[in-house]
Amino acid sequence: MASSSSSSSASASKVTERRGIPGAQFVEDVQTYLTQSGLKICLLLLTIQQGLQQYKLVEMKLLAQQRDLQAKIPDIEKCLDVVATLEAKKGAGEDLIADFEVSEGIYSRARIEETDSVCLWLGANVMLEYSLEEATGLLQKNLDNAKASLEVLIADLQFLRDQVTITQVTIARVYNWDVHQRRIRQVTASTAQDSHGWDDDDDDEDDA
Amino acid sequence: MQQGGGSDTQVTWEDQQNINKFGRLNNRYHELEDEIKIAKETNDNLEDASNELILTDEEVVRFQIGEVFAHVPKDEVENRIEDMKVVTSQKLEKLEEEKTSVLAQMAELKTILYGKFKDSINLEED
């Protein structure tokens with residue numbers, strides 16, 4: 001049995017929080033934790049498991065955001081590539097001939113004359129004409145922003161996964177502690193049983 | 001990351017942090033595996049493309065830039081593909097390096113954690 005007195009500081013919480021994600025509580029000692037919570041073991045497990053579910057939900061949301069960003073970055077890079085090509089053509093003074101998709105599966109040929117500007121789709125039904133340099137600058141800025149948000153997001157995910165791991169370990173420990181307690185009770189019961197003949201039905205004995 | 005059989009071993013905050021770290025590394029390892037696979041595919045595709053270029057008689061080929069196929073002289077495409085190859089193989093190298101370092105760190109943590117928890121902890125993939 002975990003000696004409840006040895007670790008004097010009860011469940012010293014390392015709780016922090018990051019961008020609205022609460023930190024999981026690390027349990028130093030299961031016995032103390034259980035007493036403090038004032039819950040039966042099955043209810044305690046349920047509470048922790050609910051916390052885990054919430055973490056999982058947030059993880060799914062963050063993963064979706066990560067996928068979006070990871071798709072966005074190559075798109076911006078592609079745009080930059082096109083603007084760079086146009087710029088190179090401008091310097092060479094020649095037209096860019098390109099086969100482009102008119103509709104799905106139908107291609108036509110276009111001649112893009114030497115140009116100083118491109119139009120960027122800004123979203124919200126707005127398109128704006130930019131000079132090539134300005135377009136490069138804007139796209140580059142978007143790219144940097146996307147990369148920065150991705151980095152923050154990855155850090156968030158790491159924090160979240162740590163909390164998930166802590167919670168999972170806590171569940172396993174509480175569960176094991178319970179199994180261990182029952183085993184002890186069973187042993188003491190069976191040794192004492194011959195003389196008293198009682199059943200080992202303790203009130204807080206519930207299957208988790 | 002489950003503990004089996006009601007053991008007596010105390011789990012300290014330090015152990016928990018090690019377990020967290022192991023979890024993170026394991027995650028990164030899987031990400032790296034995927035990224036390496038993609039980088040290898042890109043490399044192979046570029047290799048195929050440059051081989052096709054050697055075989056073709058055409059002076060001007062269609063080269064995809066953004067969403068459109070631009071008509072670009074063969075020599076220029078060759079150069080661009082060579083540049084792309086350099087970039088992807090460098091990326092692949094970096095990923096492989098990171099994978100080696102992640103694996104080494106995981107092995108280190110395994111010795112620590114198995115040393116303390118014996119078979120009460122499982123750090124293997126199923």
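Chain letters run A, B, ... following the sequence lines, proteins first and then strands; every chain starts at 1. Scope of the values below: all heavy atoms of this structure, side chains included, with no hydrogens, waters or symmetry mates. Note that the structure is predicted; figures quoted are calculated from it, not measured.
Counting heavy-atom neighbours within 6.0 Å of B:E67 CD, excluding the residue itself, gives a total of 12 or less. When the shell of 6.0 Å around CD of A:Q49 is examined, it contains more than 12 heavy atoms from other residues, nucleotides or ligands. In A:K72, the NZ atom is not crowded: 12 or fewer heavy atoms of neighbouring residues, nucleotides or ligands sit closer than 6.0 Å. More than 12 heavy-atom neighbours from other residues, nucleotides or ligands sit within 6.0 angstrom of NZ on B:K116. By the neighbour-count criterion of 12 heavy atoms within 6.0 Å, atom CD of B:E108 is sparsely surrounded, having that number or fewer from other residues, nucleotides or ligands.
Within the model, atoms CG of B:N27 and CD1 of A:I154 stand 11.0 Å from one another, a figure rounded to the nearest 0.5 Å. The OG1 atom of B:T12 sits 6.0 Å away from the CZ atom of A:F26 when rounded to the nearest 0.5 Å. To the nearest 0.5 Å, the span separating CD on A:Q158 from NZ on B:K21 amounts to 12.0 Å.
When the candidates A:E77, A:K78, A:E101 are compared by the number of heavy-atom contacts under 4.5 Å with chain B, A:K78 comes out ahead. Comparing A:I166, A:V164, A:V82 by heavy-atom pairs within less than 4.5 Å of chain B, the highest count is held by A:I166.
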Quick one, A:Y107 with B:V68, criterion side-chain contact (heavy atoms from CB on, under 4.5 Å). Give me CA distance, side-chain angles, the key distance, then yes/no.
CA-CA 9 Å; A:Y107 288 80; B:V68 301; over 6 Å; no
With side-chain contact (heavy atoms from CB on, under 4.5 Å) as the criterion, how do B:R80 and A:T85 come out once you've worked through the C-alpha distance, each side chain's angles and the decisive distance to 0.1 Å?
CA-CA 11 Å; B:R80 285 183 87 144; A:T85 311; 3.8 Å; yes
Stepwise side-chain contact (heavy atoms from CB on, under 4.5 Å) check, B:H71 with A:D99
CA-CA 8 Å; B:H71 295 223; A:D99 296 347; 2.8 Å; yes
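With a 4.5 Å cut-off on side-chain heavy atoms, B:R24 and A:T165 do not count as touching.
Minimum interatomic distance between A:E28 and B:Q10 (heavy atoms only, all atoms of both residues): O-OE1, 3.6 Å.
For a residue to count as touching a neighbouring chain, one of its non-hydrogen atoms must lie under 4.5 Å from one of that chain's; by this rule A:L96 touches chain B with the side chain only.
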